Amino acid sequence: ACTTGSQNAESGSTESAGQLTEADLAGKTIGFIPGVNDPFYISMQCAIETAAEGYGLKVSAQIPEQFEAAVQTPIVNSMVATKPAALLIAPTDGKALEPPLKQAVDAGVPVGLVDTTLDDPELAFTSVATDNEQGGAAAADALAELVDGKGKVLVIAFKAGASTSDARQKGFEDQIATHSGIEYIGAQINDNDPAKAASIVQAAIAANPDLTGIFATNLFAAQGAATGLRNANAQGDVKIVGFDAGSTQIEQLERGDVQALVAQKPSDIGTQAVEQAVAYLTGGDVTPQIGTETVVITQENLESMQDAIYKESC
Ligand code: T6T
């Protein structure tokens, strides 16, 4: 089962990275700090725990209450003080998390990045993530088709400075520019708050009667955008392509409030990150950058895509 809260890491270990055997890993702890509590990171945590268990490793997960650098940074500091064998983290800001993670590495805690990355990811032994630019481009093509290549489209960026939000927005913008009949009216930020996404959408519809489509860059942006459309009684008239596939988003897809979801593979990210941590700790081959897939879910293929739906618990 998913465990939250802390389990104490081993202390007093004198072995350093690359000097351990797989047998030495048993009983040691991997720290995990996701961006926030959501089904994407829950799915990732479940996979991390399963993979870690295979090596006798424990997992200590500390989950920020908000997707905010100021909330995540003290969690990093307290986790590092427990000296886990390695720390897997999704930094909520590519710049602000660099100093605390540099301190972690300096204190002898190797850092692996999952999902999001840093402006300078060099300090991490690996970075495992979706190809978010490519995902944003896939969203642009899906939305262009849904709106028949016409009208105005809007992006809801969930958090400026979070690498995933920035990359999805960039991938979308570059690709939507190739659809000449579509006018891109820009990105608005919802700060990972579904209620804010809903009000952005309601205001955008009021100001732009010819709005035809919305790309919502993550789970909370998409959930809120769909709610906003329903409040404005515009569900189905304005098309939504969302990122992520939590159960609420799947319900919205089934109801026709959302037309397509770009689903990530959080379990693959988690499993591969543990494999890389083990390789790093035992002197094996480490891959500095690993890209994981996305799939596009629609009403038509939903039945065959059940495995792509994120977990609410392990
Ligand atoms: O979209 C995911 C994740 O990739 C992103 O970095 C933050 O938001 C999610 O966790 C979804 O809520």
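This is a predicted model, so every value here is computed, not measured. One-based numbering, in listed order, for ligands and for the atoms of each.
- At a 4.0 Å heavy-atom cut-off, ligand 1 touches R168 through the side chain alone.
- The contact set between ligand 1 and F40, taken as ligand atoms under 4.0 Å from a residue heavy atom, comprises 2 (C), 3 (C), 4 (O), 10 (O).
- The backbone N or O of D141 lies less than 3.5 Å from no partner atom in the side chain of E145, so there is not a single donor-acceptor pair.
- Side chains of Y55 and E22: no donor on one and acceptor on the other come within 3.5 Å.
- Checked against the 6.0 Å centroid criterion, the rings of F158 and F67 qualify as a close aromatic pair.
- By the 4.0 Å N-to-carboxylate-O rule, K58 lies too far from E53 to be salt-bridged with it.
- By the 4.0 Å heavy-atom criterion, F220 is counted among the residues contacting ligand 1.
- A salt bridge between K170 and D174 is present, with a side-chain N of the basic residue lying under 4.0 Å from a carboxylate O of the acidic one.
- Remark: ligand 1 atoms within the under-4.0 Å shell around heavy atoms of T164 are 5 (C), 6 (O).
- Looking from atom 3 (C) of ligand 1 to the surrounding protein, the closest heavy atom is D115 OD2, 3.3 Å.
- Heavy-atom contacts of Y41 reach the following atoms of ligand 1: 3 (C), 5 (C), 6 (O), 7 (C), 10 (O) (cutoff under 4.0 Å).
- Ligand 1 has no N or O atom lying under 3.5 Å from any N or O atom of T217, backbone or side chain.
- Side-chain atoms of Q276 and Q272 include no donor-acceptor pair closer than 3.5 Å.
- The residue from F243, Y310, F158 that puts a heavy atom closest to atom 7 (C) of ligand 1 is F158.
- Of the protein's non-hydrogen atoms, D38 OD2, 3.5 Å is the one closest to atom 9 (C) of ligand 1.
- Close approach of ligand 1 to Q264 is summarised as follows: ligand atoms under 4.0 Å from at least one heavy atom of the residue are 1 (O), 2 (C), 3 (C), 4 (O).
- Side-chain contact, Y310 with D38: no donor N or O sits under 3.5 Å from an acceptor N or O.
- By the 3.5 Å distance cut-off applied to N or O atoms, T116 is not counted among the residues near ligand 1.
- The N/O atoms of D244, backbone and side chain alike, include one that comes under 3.5 Å of an N/O atom in ligand 1.
- Here the heavy atom of the protein found nearest to atom 8 (O) of ligand 1 is N218 ND2, 2.9 Å.
- Close contacts of ligand 1 with F67, meaning ligand atoms under 4.0 Å from a residue heavy atom, involve 7 (C).
- Between A245 and A263 the shortest heavy-atom distance is CB-CB, 3.8 Å.
- For the ligand labelled ligand 1, residue M44 lies outside the 4.0 Å heavy-atom shell.
- Q264 and D244 form a side-chain donor-acceptor contact under 3.5 Å, judged by distance and modelled atom types alone.
- The side-chain tip of R168 does not point at the ring of F215 from less than 6.0 angstrom away and within 45° of straight on.
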